[in-house]
Each structure stands twice: as structure tokens, then as C-alpha cells.
Amino acid sequence: MLEGRQVSLWIATTGTTRYPSLDSDLEADVAVVGGGIAGLTAALALKRAGSTVAVLEAARIGTGVTGHTTGKVTSLHRLACTELADRHGPDVARAYGQANQAAIEHVARVVAEEGIDCDFRRVSNYTYAESEDALARVRDEAALAGRLGLPAVFTSDVPLPFDVRGAVRFDGQAQLHAVRYLQGLARAVDGNGSHVFEDSRVTSVRDGVPAVVGTGSGTIRAREVIIATNVPVGDAGLFAERCYLHRSYVVASLAPAVPLDGTFISVDEPMRSILAIDIGGSRFVLAGGEGHRAAEAGDAAERYRRLAAFSRERLGTGETSFRWSTQDNMPVDGLPYAGTLTPTAAHLHVITGLRKWGLTNGTAAALILADILSGRHNPWSAVFDTNRPSAGHAGGVRQQPDQPPKSQLPDQPAVAGLRPGEGTVVEIDGEMTAVYADAAGDLLAVSAICTHLGCTVAFNADDSTWDCPCHGSRFAANGTVIQGPATMDLAPRPAPR
Ligand SMILES: Cc1cc2nc3c(=O)[nH]c(=O)nc-3n(C[C@H](O)[C@H](O)[C@H](O)COP(=O)(O)OP(=O)(O)OC[C@H]3O[C@@H](n4cnc5c(N)ncnc54)[C@H](O)[C@@H]3O)c2cc1C
Ligand code: FES
């Protein structure tokens, strides 16, 4: 039996929003698809620059990846300076760091100016080393980041409750309650001719003058469209081949006596990410890690147990209160994307590939697009540009995906043995069928063939979802699409008897 509720601390400690769904046709200067940090940051920046905006969110504000983050707002992305400088040269690493530093300050300003109550707190952020090899790497990162003008120092004084050899420390960083921040952004966006719509899944996007965005029950005609759905909906731009999905897990445990001053991530494997936050009079310590490509299966329960054990044994926390996992889009060349959806798109723009650092990368990407669409220069737009030379093939022909080898997929139980809350994929009448047993034990069947490009989905017992191992589309137990690139639900099938 696993400890803790399967829900993110951020979602569990925030009331839900109730914006209307789009039920008519509307005009706006800019339509923004997706109400996560990227979409809402872009929407607010554009509204402040004088545009009318309409945000279309498929579910509720804060229920996407941002609602499942760890909550660090930092430009110290483990060893990103070294990795990006090795790969793209120091100028690109500097631009990436500067864009993220500017994002921290933007978040701080918005919190203050909009009066957003989201536990925003300035902290130092550390990448720490336990092994000799990791120590050399954090020393190098500190030296390089310092040379690039980032607020870096090497320190052997790391305020963790266990011994480490040293760390690179960035001062003036921050942490926040991600869902409260998003709800604050949404409040600031809605009104005075701009709108936030929830429960409004976008099913079609068309370039043109105007560009048109469609849901099942209305359309928005707009001068410009920003697709900020984390994984872009549809196939244009071939982002499913220019990024891959990576999943990580977090446990939040009660910790009355843990004096953690700062946020932390390890260089040594298994990678561990640490943050403490006080909510409603209780102190929670978050321990994250156990990351893996979404296509690789594994025992999620075991991953949570390992994180809980780390938290208990090394951070001195008590029982786990909440546990959650989510996946983010990782760009193959290591740089986020903010730019036109395809090389020839005139009015369609996209933000993706936020590489698990989207609180700042998503903010930076949103500000880049807001600048571009407002006719302002942005010093970092070339580094994030979707059509940069290192960004893979944007205009090519879609390759049929390879289904991961069977050995990487979880073992599937037989339909007859399904208990409430369990699911399995079986062949019925020659068709791969995804079968789920609901709380009452009644069987629900949908096609197991992903509506994106035809891979076979697998059951995610943790979240009761059908996840596609090829490009990360996710579907609810009843087949409703949750996360793209798929835009259509899994087709219903007769329930097996
Ligand atoms: C476990 C974990 C921990 C992390 N911790 C940190 C951290 O500490 N700091 C940090 O900077 N980053 C962190 N990240 C990364 C960060 O959380 C993400 O990069 C960021 O939240 C992504 O924001 P987004 O706006 O792209 O996506 P989302 O928040 O998912 O927003 C996209 C929205 O689009 C909506 N949508 C999807 N399809 C449609 C459609 N067809 N129509 C309308 N709406 C649609 C979704 O419902 C969703 O609400 C972490 C990532 C993981 C996996
Ligand atoms: S997400 Fe591409 S085939 Fe399923």
C-alpha cells in the first residue's frame, strides 16, 4: 500500500476555477491555446501590451503539467550551462541563462503588480555533488556560469541535512505555489475585452487572415494564435520528432522539523530534486526524481517508494501526504521552442520543449512570443526560435513511429482478472482494445490504437490513463484525450463480457 494521496500538493491545496466554456464565435487579437504557465504568461503580456486575448483551456487552469511541477523558479538548471556551452557554444548558454534570469524577475514583478498570493519566496538554488566526479562538474558549472554573468558561486556550505561535497549556488532565485500563480495570471487576463475559457478543448487550428481556432462549440477568429499546449496539438512542425516526453515523480511529505533553506537538485544519480514549502500551517518537503522517458515502462509504485525512502532517511521527513507524476517535452537539441509553428506559418506560433524547467523557460518563451507579436525586439528570440538550425527538421515528412519493443511495455493482465481501477490492453476480434474496470468493476472498452499515429497505448495504473509510448499522448480511462499531440479521443468499443 502506497502512502499519500495521488494528487499534486498544488492542486490539492487550491480551489478550482470556473471560467465558462466557449459556446459561440468570437474575435480577439490573439487566441492562446492552453492555460498553463506558457499560455497564461503570453496572454497576460499581450494584454498588457494592448491586445485583446482569448485563452482556451481544455480542462481547468493549473491541471496540466504546471500543476504537477516542483515549484522552483530558477535559472540554475542542474548543469545546463556546461551542457549548452558544450553543445552550442558559450553565447547560447549565456542567452539561455539570461532569458531564464529575466523570467524570474518577470514572475516576481507580476506577483507584486497583480497581487498574486502564491507563496512566492526568494531562495538560493543549489546543484549539489556527493561524489568526487560530481564535485568536479559543479565546480566547472559554477566557474562557467560565473563567466557568463549568471549569479553563480561554488560553495562547500550546502544547507542540506546530509553531507555533500559541494554545490554550485545561484542566489536571488525563487519558488512558488504553481497553481495559485496560474490562477492569479488567469484572473489578470480575464476581463476588459479579454477572456479565459475552460473546458474548451481546441480541435482545429487554421492559419490565415484571420487565423481560426475551433472547439466543438465555438470558434475564435484572431490575428495571431499561440499554441501553448505543452505538447503541440496536431502534427504541424513535427515537434513529436524534435522532442521526446520525459516523466518524473514527486512525493510531498510532512516535515515539521526540517529547516531547508533553499531548493536543491543532485548531480549524482539517482537524481533528486528537493524543495520545502509551508502551506496552511504545515511544512511539506518535496522530493522529486525517478525520471525516465515516457516510452519506458516501469513500476511507478516502486519509484514512489524509493522517493519516500529518500525523503524519510535523508531529509528526515514524516509520512508522505501527496504523490504525483507528470511528463514534460524535452527538445532534442536542449533548447526550448518559441516561434512559428512551421517555417511557413504566418500567424500560428508555438511554445514547447520546456525541458522540465518550464516555470522559467515557459515564462521566457512566452515573453519572446509576446515581444515578437507586439513588434518589440527580444534579445533571446534566436536561441528559442523554432526554425533555428539545430532544431531538427521542421518541414520534413512525418515518419511512422516505431512502437517500443514489447519488453519495454508493462505486462498486461487478462481482462477476467481486472479489479476496479485496473486496465489492460488485449486483442478482441482482431483489434487491440483497451479495457478498464471502473470503481464498480464494470468494464469500459476503447480502441487501444493511439489517434495520433497509431501506436498501441498502455495502461498507466498510477493515473488511470492510457498513455502512448510513441509521442506521449495521454487519454483518460474512457478514452478522452488529455494530452497531445493526439487531438481525437480513443474510439469506443463494445465492452467484453
Ligand atoms: C515532475 C516535474 C517537476 C517539475 N518541476 C519544475 C520546477 O521545479 N521548475 C520548473 O521551472 N519546471 C519544472 N518542471 C517543468 C514545468 O512544470 C513545465 O515545463 C511547465 O509547467 C510546462 O508548462 P506548459 O504551459 O507548457 O504546460 P501545461 O501546464 O501542461 O499547460 C498546457 C495546457 O494546455 C491545455 N491543453 C492541452 N491540449 C489542449 C487543447 N487541445 N485545447 C486547449 N487546451 C489544451 C492543458 O490542459 C494544459 O492545461 C517540472 C516538470 C516535471 C515533469
Ligand atoms: S502519440 Fe504519436 S502515436 Fe501516439
Side-chain angles (χ1 to χ4, degrees), residues 8 10 22 32-42 55-75 77 100 103-104 107 125 174-176 178-179 182 197-205 213-215 227-235 240-241 245-250 263 265 273 275 286 288-291 294-295 324-330 336 351-363 365-366 398 400-401 403 449-457 466-475 481-487:
S8 96
W10 317 119
L22 181 71
V32 177
V33 188
I37 190 146
L40 288 169
T41 303
V55 175
L56 293 155
E57 164 55 44
R60 296 278 161 204
I61 297 298
T63 54
V65 182
T66 313
H68 296 83
T69 178
T70 316
K72 298 175 183 174
V73 183
T74 179
S75 63
H77 296 174
N100 277 278
I104 301 171
V107 171
N125 183 31
Q175 63 178 64
L176 50 63
V179 176
L182 288 196
F197 296 104
E198 293 183 315
D199 205 6
S200 301
R201 176 168 296 281
V202 168
T203 49
S204 64
V205 179
V213 171
T215 68
I227 299 171
T229 49
N230 189 252
V231 177
V233 289
D235 239 3
E241 290 184 1
L245 270 294
H246 211 261
R247 175 163 281 271
S248 289
Y249 301 74
V250 184
T263 55
I265 196 163
S273 176
L275 172 145
L286 276 57
E290 296 290 320
W324 64 92
S325 75
T326 189
Q327 56 195 39
D328 202 7
N329 222 7
M330 312 295 282
I351 295 172
T352 190
L354 301 180
R355 65 187 304 267
K356 287 198 183 171
W357 293 105
L359 297 190
T360 50
N361 268 332
T363 302
R398 143 79 55 218
Q400 212 43 36
Q403 179 87 22
I449 303 305
C450 176
T451 54
H452 177 224
L453 286 171
C455 286
T456 306
V457 298
W466 301 109
D467 294 357
C468 180
C470 286
H471 312 110
S473 289
R474 303 185 67 204
F475 304 85
V481 66
I482 299 172
Q483 195 174 15
T487 53

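Only heavy atoms go into these numbers, but all of them, side chains included; no hydrogens, no water, no symmetry mates. In listed order, ligands and their atoms are each counted from 1.
- At under 3.5 Å, not a single nitrogen or oxygen of Ser248, backbone or side chain, sits near a nitrogen or oxygen of ligand 1.
- Summary of contacts: the protein heavy atom closest to atom 34 (O) of ligand 1 is Gly34 CA, 3.2 Å.
- At least one heavy atom of Ser200 lies less than 4.0 angstrom from ligand 1.
- Inter-residue side-chain proximity for Val457 and Phe475 is flagged as met; some heavy-atom pair is nearer than 4.5 Å.
- A distance below 2.5 Å between sulfur gamma atoms is not met by Cys470 and Cys450.
- Taking every heavy atom of Lys356 and a limit of under 4.0 angstrom, the matching atoms of ligand 1 come to 6 (C), 10 (C), 12 (N), 13 (C), 14 (N), 15 (C), 50 (C).
- Under a 4.0 Å criterion applied to the non-hydrogen atoms of Gly358, ligand 1 contributes the atoms 10 (C), 11 (O), 12 (N), 15 (C), 16 (C), 18 (C), 19 (O), 20 (C).
- Taking 2.8 Å as the criterion, His471 counts as a coordinating residue of atom 2 (Fe) of ligand 2, since one of its N, O or S atoms falls below it.
- Only the side chain of Val233 comes within contact range of ligand 1, with a heavy atom under 4.0 Å; no backbone atom does.
- The shortest N or O to N or O distance between Tyr249 and ligand 1 is not below 3.5 Å.
- His452 contributes atom ND1 as its closest N/O/S atom to atom 2 (Fe) of ligand 2.
- Within the 4.5 Å cutoff, the side chain of Asn230 has no heavy atoms near those of the Gln327 side chain.
- Between atom 3 (S) of ligand 2 and the options Thr456, Ile449, Thr451, Leu453, the minimum heavy-atom separation is to Leu453.
- Here the protein heavy atom with the shortest distance to atom 8 (O) of ligand 1 is Lys72 N, 2.9 Å.
- Of the N or O atoms in Gln327, none lie within a sub-3.5 Å distance of an N or O in ligand 1.
- Looking at ligand 1, you won't find any N or O of His246 less than 3.5 Å from one of its N or O atoms.
- Between the side chain of Ser8 and the backbone N or O of Gly67, at least one donor-acceptor pair lies under 3.5 Å.
- Contact atoms of ligand 1 toward Arg201: 38 (N), 39 (C), 40 (C), 41 (N), 42 (N) (distance under 4.0 Å to a heavy atom of the residue).
- Of all atoms in ligand 2, numbered sequentially from 1 with element shown, those under 4.0 Å from a heavy atom of Ser473 are 1 (S).
- Looking at Val65 next to ligand 1, an N or O pair under 3.5 Å apart turns up.
- Against a heavy-atom cut-off of under 4.0 Å, Gly35 is close to the following atoms of ligand 1: 33 (C), 34 (O).
- Counting only non-hydrogen atoms, the option in Val55, Val202, Thr74 that gets closest to atom 40 (C) of ligand 1 is Val202.
- The option with the heavy atom closest to atom 22 (C) of ligand 1, from among Asn230, Leu359, Leu182, is Asn230.
- Which parts of ligand 1 touch Leu56 is read off a 4.0 Å heavy-atom cut-off, strictly below it: atoms 43 (C), 44 (N).
- Put simply, part of Asp328 is less than 4.0 Å from ligand 1, judged by heavy atoms.
- Between the choices Thr229, Thr352, Leu354, the shortest heavy-atom distance to atom 39 (C) of ligand 1 belongs to Thr229.
- Nearest non-hydrogen protein atom to atom 48 (C) of ligand 1 is Glu57 OE1, 3.4 Å.
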(Q) Between Thr487 and Thr203, is the side-chain contact (heavy atoms from CB on, under 4.5 Å) condition met? List the steps. (A) CA-CA 6 Å; Thr487 53; Thr203 49; 5.6 Å; no

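- Taking any N or O of Thr66, backbone or side chain, at least one lies under 3.5 Å from an N or O belonging to ligand 1.
- Ring geometry for Trp357 versus His77: interplanar angle under 30°, hence parallel rather than tilted (30 to 60°).
- Of the candidates Ser75, Ala58, Pro485, it is Ala58 that places a heavy atom closest to atom 45 (C) of ligand 1.
- Smallest separation of non-hydrogen atoms from Asp328 and Lys356: OD2-N, 2.9 Å.
- Listed by number with element, the atoms of ligand 1 under 4.0 Å from a non-hydrogen atom of Ala228 are 32 (C), 34 (O).
- Less than 4.0 angstrom separates some heavy atom of Thr360 from each of these atoms of ligand 1: 11 (O).
- Not a single heavy atom of Gly288 sits less than 4.0 Å from an atom of ligand 1.
- Shortest non-hydrogen contact noted between Ala240 and His452 is CB-CE1, 4.1 Å.
- When only modelled atom types and interatomic distance are considered, Thr360 and Lys72 share no side-chain donor-acceptor pair under 3.5 Å.
- Proximity of His246 to Met330: side-chain heavy atoms (C-beta onward) are separated by under 4.5 Å at one or more points.
- Here's the thing with Thr70: one of its N/O atoms is less than 3.5 angstrom from an N/O atom of ligand 1.
- The structure places CG of Leu182 at 14.5 Å from CZ of Arg60, a figure rounded to the nearest 0.5 Å.
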Q.
Before you tell me yes or no, could you show the steps for Gln483 and Val65 under side-chain contact (heavy atoms from CB on, under 4.5 Å), namely the whole-Å CA-CA distance, both residues' side-chain angles and the distance that decides it to 0.1 Å?
A. CA-CA 10 Å; Gln483 195 174 15; Val65 182; 3.9 Å; yes

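- Note: angle at atom 4 (Fe) of ligand 2, from SG of Cys468 to SG of Cys450, is 110° (rounded to 10 degrees).
- The shortest heavy-atom contact between Thr69 and Trp10 is O-NE1, 2.7 Å.
- Taking both residues in full, the closest heavy atoms of Ala365 and Ile351 are given as CB-CG2, 3.6 Å, listed atom of the first, atom of the second, then distance.
- An N or O contact shorter than 3.5 Å is missing between Val33 and ligand 1 by distance.
- For atom 2 (C) of ligand 1, the closest non-hydrogen atom of the protein is His68 O, 4.0 Å.
- Closest approach of Leu359 to Thr363, counting heavy atoms only: O-OG1, 2.5 Å.
- The ligand atoms of ligand 1 that sit less than 4.0 angstrom from a heavy atom of Ala38 are 25 (O).
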Q: Would you please test Leu245 and Asn329 for side-chain contact (heavy atoms from CB on, under 4.5 Å) and show each step?
A: CA-CA 5 Å; Leu245 270 294; Asn329 222 7; 3.1 Å; yes

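- Residues His68 and Ser248 have side chains not in contact (no heavy-atom distance under 4.5 Å, counting atoms from C-beta outward).
- For ligand 1, none of its N or O atoms has an N or O atom of Val250 under 3.5 Å away.
- Remark: ligand 1 and Thr326 share no N or O pair separated by less than 3.5 Å (distance only, no angle test).
- Scanning both residues, Ser75 and Ile104, for their nearest heavy atoms gives N-CD1, 3.6 Å.
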